[in-house]
There are 2 protein chains.
Amino acid sequence: MAEKETRARDLPCLQIGEVADRTGVTQRTLRFYEERGLLRPPSRMDGGFRLYSEDDVARVEQIKRLQNLLGLTLAEIKEMVEAEEIKEELRATYRPDLEVDERLSRVQKRIEVTERQDNIISAKLEAMAVMKKELGEKLAHYQEVKADLHKQRSESAASAT
Amino acid sequence: MAEKETRARDLPCLQIGEVADRTGVTQRTLRFYEERGLLRPPSRMDGGFRLYSEDDVARVEQIKRLQNLLGLTLAEIKEMVEAEEIKEELRATYRPDLEVDERLSRVQKRIEVTERQDNIISAKLEAMAVMKKELGEKLAHYQEVKADLHKQRSESAASAT
DNA sequence: TTGATAATTGACGTTTGCGTTAGTGATAGC
DNA sequence: GCTATCACTAACGCAAACGTCAATTATCAA
């Protein structure tokens, strides 16, 4: 049953326009990502129209997060999403016993990639926390200056009467 | 005395090469930032060599932070550092009383810019925190899978004897 | 079946953020 | 005064990440 749900999620039924609308990127961008290997070549309708799945949508969103939040290049992002490919490959070709070593090394690879992402995020989070603190202090200072100036103005207005 | 220190910090005495070394950007980049209005045109030696101050170094570092952490474009960064200009202008032409309104509106401008930065940072921090949490869960999951596989392997090894 | 949309490939264009010469002048140590 | 750096301007170059036609074909609703 879990399998059925998985299949339902993977059922490609979205045209490129809808994916574009939902993810906020252009059709051009979707084709571009495909060309660069960031998205797997989607299945097609008889006429050749691309058909995307919900998984593909999730993937595009992930790419955008890696771009916007971490500032990674598409080349770097490609490396990371390739690890996702391996996951799906693992799930598809589920040959349980014999190749345990192979599966182990792939899980290991995924662990490494995930740890790298985590390191990047952690470093950025730290630096940004520092920056936010400084900004807060700055703001407080300006607010003070502003209050002073307001007082000055009202005083000089009072003395002018 | 505070004024003397400020002047000491502003004393331009660094050549472009040293600034490049200290900030980790190239000389080309420094000239480029100047061209784009991100750095004020520095003073020059008799022969025309640029002379930077410590304040300039700090500015370059700030630019780099805004680029790397927030992913802002140079155009956006320019807007922000222009507010810094106003600060220095305020400090230089310290005409206390008369133009209180003018000073108020400039402080107000700086407050707005700072708040914008703060908003960007806050949003990013939040999104990144979510991402970090997800990554943590992912990692935990993989570790589990890894442990399972290890167990499988040792078991099949045992049954093979 | 006939428009009105929506998608396809291919190719060239654009912006950002610098890199990279090239040719010339400035500074400093010996 | 020579020479080894260092810096100057000007101009062209370039990779990344798409944008923008153009010409053609699909899909779908009426």
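In this text, all values refer to a predicted model and were calculated from it rather than measured experimentally. Chain identifiers are assigned alphabetically (A, B, ...) following the order of the sequence lines, protein sequences preceding nucleic acid strands; residue numbering begins at 1 within each chain.
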Exercise for the section: Provide, to the nearest angstrom, the distance between the CD atom belonging to E34(B) and the P atom belonging to dC18(C). Expected result: 15 Å
Practice task
Go through DNA chain D in 5' to 3' direction and return only the first and the last nucleotide with some atom under 4.0 Å of chain B's heavy atoms.
Solution key: dC6(D) to dT9(D)
Practice task
Could you tell me whether Q67(A) contacts a base, only the sugar-phosphate backbone, or nothing, with contacts defined as non-hydrogen atoms closer than 4.0 Å?
Solution key: sugar-phosphate
Exercise for the section: Work out which heavy atom in Y142(B) is nearest to a heavy atom in I111(A); give both atom names and the distance. Expected result: CB-CG1, 3.5 Å
Exercise for the section: Using the salt bridge (charged side-chain N to carboxylate O under 4.0 Å, His left out) rule, collect all pairs that involve residues 142-156 of chain B, keeping only residues at least two apart or in two chains. Expected result: D101(A)-R153(B)
Exercise for the section: Specify the residue among D46(B) and L74(B) whose closest nucleotide of DNA chain C lies further upstream toward the 5′ end. Expected result: L74(B)
Practice task
Check every strand shown and say whether K78(A) touches a base, only sugar-phosphate, or nothing at a heavy-atom separation below 4.0 Å.
Solution key: nothing
Completion exercise
Closest to the 5' end of DNA chain D, once R28(A) and G47(A) are matched to their nearest nucleotides, is R28(A)
Could you list the donor-acceptor pairs under 3.5 angstrom formed by side chains in residues 65-72 of chain B, with sequence neighbours left out?
unit_1 : atom_1 : unit_2 : atom_2 : d
R65(B) : NE     : Q62(B) : OE1    : 3.4
R65(B) : NH2    : Q62(B) : OE1    : 2.7
Q67(B) : OE1    : K64(B) : NZ     : 2.8
N68(B) : ND2    : K64(B) : O      : 3.1

Can you tabulate the close N/O pairs, meaning under 3.5 Å, that link protein atoms to atoms of nucleotides 2-7 of chain C?
unit_1 : atom_1 : unit_2 : atom_2 : d
dA7(C) : OP1    : G17(A) : N      : 2.9
dA7(C) : OP2    : Q27(A) : NE2    : 2.9

Practice task
Return yes if some donor-acceptor pair links the side-chain N/O of E76(A) with the main-chain N/O of T73(A) below 3.5 Å, else return no.
Solution key: yes
Problem - Distance, rounded to the nearest Å, where L39(B) contributes CG and dG17(C) contributes P - result: 14 Å
Completion exercise
To the nearest angstrom, the CG-C1' distance between N68(B) and dG17(C) comes to 13 Å
Practice task
Kindly state each residue pair satisfying salt bridge (charged side-chain N to carboxylate O under 4.0 Å, His left out) with at least one member in residues 21-30 of chain A, sequence neighbours excluded.
Solution key: R22(A)-E54(A)
Exercise for the section: Indicate whether OP1 or OP2 belonging to dC18(C) is found under 4.0 Å from a side-chain N or O atom of Y33(B). Expected result: yes
Handout entry: Position toward the 5' end of DNA chain C (nearest nucleotide), M45(B) or T73(B)
Key = T73(B)
Fill in the blank from the handout: Value for CZ (R40(B)) from CG (D55(B)), rounded to nearest 0.5 Å, stands at 6.5 Å
Exercise for the section: Examine distances only and state if a side-chain atom of S122(B) and a backbone atom of D118(B) form a donor-acceptor pair shorter than 3.5 Å. Expected result: yes
Problem - Salt-bridge criterion met for R50(B) and E34(B) (N-O under 4.0 Å) - result: yes
Fill in the blank from the handout: Ranking dT8(C), dC12(C), dG17(C) by distance to the side chain of R44(A), first place goes to dT8(C)
Practice task
Kindly give the cluster partners of V130(A), where membership spreads through any ILVMFWY side chain lying under 4.5 Å from a current member.
Solution key: none
Practice task
Output yes when at least one side-chain N/O atom of T26(B) is less than 4.0 Å from OP1 or OP2 of dC18(C), else no.
Solution key: no
